[in-house]
Amino acid sequence: MKLISWNIDSINAAVEHKSDRGLMTWGVLEGIAEKQPDVVAIQETKLKVDGMTKKQKEALEGLFPDYHFYANSSSARKSYAGTMLITKNEPLKVDFPTIGAPGEMDQEGRIVTAEFEDFYVSTVYTPNAGGELARLDDRQLWDDAYRKYIDGLNEKKPVIFSGDFNVAHEEIDLKHPKQNHHSAGFTDEEREHFTKLLDAGYTDTLRAMYPDQPDIYSWWAQRSKTSKINNSGWRIDYYLVSNRIADKVQDIHVVDTGARQDHAPLELDIEM
C-alpha cells in the first residue's frame, strides 16, 4: 500500500492556482495523483462547511478518477482547518469523530477515519498552540483526548494515522531547537504529550527508519524567503502506525516540493 499525507493549506488555492504558489501547490497535487496512491490524507483543506464546490469536486475527481472522497469541514469558522481522505478502495465505514476536545476544536473538522477490513486509516490536523501560546492549555487537553480516541481504534484493529501534528518531537526535528524552545510546536508540554502518544503503542515511522539522520523536515516558514533554500525547517508532519504493524513499513520519506515552502507531503509504503 502507498499512502500520502499532506497539509495542503487550502484546496481552493490549489484548484484555482492563480498565484505562483497556487500553481506550485497544484503541481504537487498532480504529482501525488500520478503515484496512484491507495490513500491520500489532506489537512487544512479550508473547505466550506458543506464541502467541495462543483469546481473543486470536478478538479479533484479529474486527478483521482474512481476514488472516494470524504471531507470533514469546519462548522466553527468559515474556510478554516478541515481534513479529507481520498481512497482508492471504498472503506467499510468512515467516521468524522468528536473526541471531547475543548472549545470549538471538535467543530473544526480535524479528524477523518476510514475503517478497512484489517486496519484503520485516520488523518488529523492538530490545533496549533497559537501566538503567545494562548491555546496551549486547550492543546494539551486535545492531545489527551486524541490519544484516547486513537487507543480506542487500536484496541480493535491496527491504525495507520498521519497528519500535521504541530509539534517537533525532538531537537533533531527542527533546525534551531534552542531558539525555539518556548515557541508553539516546540514547548516541553507539546513534546511530552507526543511522547505519551508514542509510548501508548505507536511508532513514528520516519524516525524509526532514520533514527539519527538530521535535517529531515516537512515544513519551512513562508515568512522567511530563505527557509527552504537553507533547509531551516521543522518536522511536524508524521505517519504513525500501531507498533504491531511497524515491521510492515517498507519506506517513508518527505516528498520533494521544489521551491514551494510551507508543508511537504509524506509518502508511506507499507505491506498490508
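Residue numbers run from 1 in the order of the sequence given.
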Practice task
Answer yes or no: does atom CD of Glu271 have more than 12 heavy-atom neighbours from other residues, nucleotides or ligands under 6.0 Å?
Solution key: no
Exercise for the section: May I ask you to test the Thr87-Tyr67 pair for a side-chain heavy-atom distance under 4.5 Å? Expected result: no
Practice task
State whether a side-chain donor-acceptor pair under 3.5 Å links His182 with Asp188.
Solution key: no
Handout entry: SB check Lys196 Asp199 (cutoff 4.0 Å)
Key = no
Practice task
Scan side-chain atoms only and decide if Glu192 and Thr195 contain a donor-acceptor pair under the 3.5 Å cut-off.
Solution key: no
Could you list the donor-acceptor pairs under 3.5 angstrom formed between side-chain atoms of residues 208-216 and any protein atom two or more places apart in sequence or on another chain?
unit_1	atom_1	unit_2	atom_2	d
Asp215	OD1	Lys175	NZ	3.3
Asp215	OD1	Tyr217	OH	3.3

Exercise for the section: Indicate the atoms forming the closest heavy-atom contact of Trp142 with Thr126, along with that distance. Expected result: NE1-CG2, 3.7 Å
Exercise for the section: Say whether, by atom type as modelled, one donor and one acceptor occur between the side chain of His17 and the main chain of Val15 under 3.5 angstrom. Expected result: yes
Handout entry: Nearest non-hydrogen partners of Ala33 and Leu63, listed with the distance
Key = CB-O, 3.5 Å
Practice task
Please determine which of Ile252, Leu198, Val241 meets the side-chain contact (heavy atoms from CB on, under 4.5 Å) test together with Asp204.
Solution key: Leu198
Practice task
Kindly determine whether Trp219 and Asp237 satisfy side-chain hydrogen bond (donor to acceptor under 3.5 Å, both in side chains), including the steps that lead there.
Solution key: CA-CA 8 Å; Trp219 177 82; Asp237 304 270; over 6 Å; no
Problem - Distance (rounded to the nearest 0.5 Å) between Gln261 CD and Asp9 CG - result: 12.5 Å
Handout entry: Tyr202 ring center within less than 6.0 Å of Phe161 ring center
Key = yes
Practice task
For Thr83 and Asn72, test the side chains for any donor-to-acceptor distance below 3.5 angstrom and give the result as yes or no.
Solution key: no
Practice task
Tell me whether Leu85 is reachable from Tyr120 by hopping between hydrophobic residues (I, L, V, M, F, W, Y) whose side-chain heavy atoms are closer than 4.5 Å.
Solution key: no
Exercise for the section: Give the C-alpha distance, both sets of side-chain angles, the deciding distance and a yes or no for side-chain contact (heavy atoms from CB on, under 4.5 Å) between Leu240 and Ile150. Expected result: CA-CA 11 Å; Leu240 307 182; Ile150 292 294; over 6 Å; no
Exercise for the section: State, without any angle test, whether Ser10 and Glu44 hold a side-chain donor-acceptor pair at a distance under 3.5 Å. Expected result: no
Problem - Test: Asp38 and Lys2 ion pair at under 4.0 Å - result: no
Completion exercise
So CG of Asp143 and CG of Asp138: to nearest 0.5 Å the spacing works out to 11.0 Å
Problem - Minimum-distance pair of heavy atoms, taken over all atoms of Tyr80 and Arg110 - result: OH-NH2, 3.3 Å
Problem - Distance (rounded to the nearest 0.5 Å) between Asn89 CG and Glu117 CD - result: 11.5 Å
Handout entry: Validation row: Ile160, Leu268 side chains within 4.5 angstrom (heavy atoms)
Key = yes
Exercise for the section: Ignoring hydrogens and angles, state whether a donor on the side chain of Thr203 or Asn243 is under 3.5 Å from an acceptor on the partner side chain. Expected result: yes
Exercise for the section: In sequence, state the C-alpha distance, the side-chain angles, and the governing distance for Trp6 and Asp164, and then conclude on side-chain contact (heavy atoms from CB on, under 4.5 Å). Expected result: CA-CA 8 Å; Trp6 186 28; Asp164 176 0; over 6 Å; no
Exercise for the section: Given side-chain contact (heavy atoms from CB on, under 4.5 Å), test Lys228 with Thr257 step by step and report yes or no. Expected result: CA-CA 10 Å; Lys228 192 76 176 282; Thr257 57; 3.0 Å; yes
Problem - Stacked cation flag Lys157 on Phe119, 6.0 angstrom / 45 deg - result: no
Problem - Side chains of Lys46 and Ser73, donor plus acceptor under 3.5 Å - result: no
Problem - Closest contact, heavy atoms only, Asp118 versus Pro158 - result: O-CD, 3.4 Å
Practice task
Would you kindly confirm whether Val39 and Phe96 end up in one hydrophobic cluster when ILVMFWY residues are joined by side chain heavy atoms under 4.5 Å apart?
Solution key: yes
Practice task
Verify the distance criterion only: is there a donor paired with an acceptor across the side chains of Tyr149 and Ser122 at less than 3.5 Å?
Solution key: no
Practice task
Salt-bridge test for Arg135 and Glu108: reply yes if a basic N is under 4.0 Å from a carboxylate O, no otherwise.
Solution key: yes
Handout entry: Side-chain touch Ser79/Leu47, heavy atoms, less than 4.5 angstrom
Key = no
Practice task
Please answer whether the main-chain N or O of Ala168 pairs with a side-chain N or O of Arg235 as donor and acceptor at a distance below 3.5 Å.
Solution key: no
Problem - Between Ser74 and Gln107: side-chain donor-acceptor atoms closer than 3.5 Å - result: no
Practice task
Give the cluster check for Leu60 versus Ile42: same hydrophobic cluster or not, with ILVMFWY residues linked at side-chain heavy-atom distances below 4.5 Å.
Solution key: yes
Practice task
Keeping the roles fixed (side chain from Thr53, backbone from Gln56), state whether a donor-acceptor pair exists under 3.5 Å.
Solution key: yes
Practice task
Would you please say whether a donor-acceptor pair under 3.5 Å links the side chains of Asn154 and Arg244?
Solution key: yes
Practice task
Establish, from distance only, whether the side-chain atoms of Ser227 and Gln222 form a donor-acceptor pair under 3.5 Å.
Solution key: no
Practice task
Taking the side chain as every heavy atom from C-beta outward, state whether Leu29 and Ile8 have any atom pair closer than 4.5 Å.
Solution key: yes
Handout entry: Close side-chain approach of Ile236 to Ser218, heavy-atom, < 4.5 Å
Key = yes
Exercise for the section: Look up atom CH2 in Trp234 and atom NE2 in His169, then write down how far apart they are to the nearest 0.5 Å. Expected result: 14.0 Å
Fill in the blank from the handout: In this structure, CZ of Arg147 is separated from CZ of Phe194 (nearest 0.5 Å) by 12.0 Å
Exercise for the section: Say whether Tyr239 and Val40 are linked into one hydrophobic cluster, either directly or through other cluster members, by side-chain heavy-atom distances under 4.5 angstrom. Expected result: no
Practice task
Ignoring hydrogens and angles, tell me if any N or O in the side chain of Thr187 forms a donor-acceptor pair with the backbone of Glu190 under 3.5 Å.
Solution key: yes
Exercise for the section: Answer yes or no: is there an ion pair linking Asp20 with Arg260, defined by an N-O contact shorter than 4.0 Å? Expected result: no
Practice task
Give a yes or no answer on whether the side chain of Arg139 reaches the backbone of Pro127 with a donor-acceptor pair at less than 3.5 Å.
Solution key: yes
Fill in the blank from the handout: In terms of heavy-atom contacts, His253 and Leu206 come closest through CA-CD1, 4.5 Å
Exercise for the section: Check whether any side-chain heavy atom of Leu153 sits under 4.5 Å from a side-chain heavy atom of Thr113, and report yes or no. Expected result: yes
Handout entry: Val249 vs Asp269 side-chain heavy atoms within contact, under 4.5 Å
Key = no
Handout entry: Lys148 vs Asp151, salt bridge (Lys or Arg N to Asp or Glu O under 4.0 Å): CA-CA, chis, key distance, verdict
Key = CA-CA 5 Å; Lys148 183 177 179 181; Asp151 284 346; over 6 Å; no
Problem - Val167-Ile99 co-clustered via ILVMFWY side chain contacts under 4.5 Å - result: yes
Practice task
Give a yes or no on whether the backbone of Ser162 and the side-chain of Ser5 come within a donor-acceptor separation of less than 3.5 Å.
Solution key: no
Practice task
Would you check if Arg207 and Tyr238 make a side-chain contact, meaning some heavy-atom pair closer than 4.5 Å?
Solution key: no
Exercise for the section: Inspect the surroundings of NZ in Lys88 and state if more than 12 heavy atoms from other residues, nucleotides or ligands are less than 6.0 Å away. Expected result: yes
Handout entry: Rounded distance (nearest 0.5 Å) linking atom CZ of Phe64 with atom CD of Gln36
Key = 10.0 Å
Practice task
Please assess Asn230 against Trp220 for the test side-chain hydrogen bond (donor to acceptor under 3.5 Å, both in side chains), listing each intermediate value before the final yes or no.
Solution key: CA-CA 10 Å; Asn230 297 331; Trp220 301 264; over 6 Å; no
Practice task
Determine, for Glu16 against Lys55, whether the closest basic-nitrogen to carboxylate-oxygen distance falls under 4.0 angstrom.
Solution key: yes
